[in-house]
Amino acid sequence: MTEISMTVNGKSVSGTVDGNTLLSAFLREDLRLTGTHIGCDTSQCGACVVHVNGEAVKSCTMFAAEAHGAEVGTIEGQALSDGSLNVIQQAFQDHHGLQCGFCTPGMVMSAAALLKDNPKPTETEVREYLEGNICRCTGYHNIVKAIMAASGQDVSAIAAE
């Protein structure tokens, strides 16, 4: 067993984990932050994306002990301080960028990382960035539109598919 501590969504947390405990399991099971979804456990789907020290990471590919001392951000930390949706979350709602919602936390976390690094991505850049995130419901069109809208770009000319 290993003692770990980290900052998650601005709060200091600690726990004791087995050496093979994944970050996704620690977040969900120990911290009860169940917005980080487990879809495949093979790093294929992107439902478990979180931010570790400001970088998007598939939390099913990282041991919890590797995040010792890190700053971790989850979907639960994305809302504004008053509890309202942030610009990305609001854009997903406004542009119907979700259906069943299972992939949504990972998509929002990936979108936040993309927009941090590329504030005005093209449609092609958004689609390329999301290649590691699987959505079975939407066909990605409205997700792409939502991300572009969140970047402040005019998406009125993008036709619905």
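For reference, positions follow the sequence shown, starting with 1.
In terms of modelled atom types and a separation under 3.5 Å, the side chain of Ser59 and the main chain of Cys48 share a donor-acceptor contact. The main-chain N or O of Ile4 is never found under 3.5 Å from a side-chain atom of His68 such that the two would form a donor-acceptor pair. In this structure a side-chain-to-backbone donor-acceptor pair under 3.5 Å is missing from Tyr129 to Ala111.
The CG atom of Leu27 sits 11.5 Å away from the OG1 atom of Thr21 when rounded to the nearest 0.5 Å.
When the shell of 6.0 Å around NZ of Lys11 is examined, it contains 12 or fewer heavy atoms from other residues, nucleotides or ligands.
By the 4.5 Å heavy-atom criterion applied to side chains, Ser151 and Pro121 are counted as neighbours. Residues Met6 and Phe26 meet the side-chain proximity criterion, which asks for heavy atoms closer than 4.5 Å. Residues Val17 and Met1 fail the side-chain proximity criterion, which asks for heavy atoms closer than 4.5 Å. Proximity of Thr61 to Leu22: side-chain heavy atoms (C-beta onward) are nowhere separated by under 4.5 Å.
The only member of Met62, Met109, Glu66 that meets side chain to side chain contact (heavy atoms under 4.5 Å, CB included) when paired with Val57 is Met62.
Salt bridge absent: Glu131 and Arg127 never bring a charged side-chain N and a carboxylate O closer than 4.0 Å.
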Could you go through Asn86 and Gln78, starting from their C-alpha distance and side-chain angles, then the distance that decides it, and tell me whether this counts as side-chain hydrogen bond (donor to acceptor under 3.5 Å, both in side chains)? CA-CA 6 Å; Asn86 73 15; Gln78 289 294 296; 3.1 Å; yes
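Looking only at atom types and distance, the side chain of Asn9 has no donor-acceptor partner in the side chain of Glu76 under 3.5 Å away.
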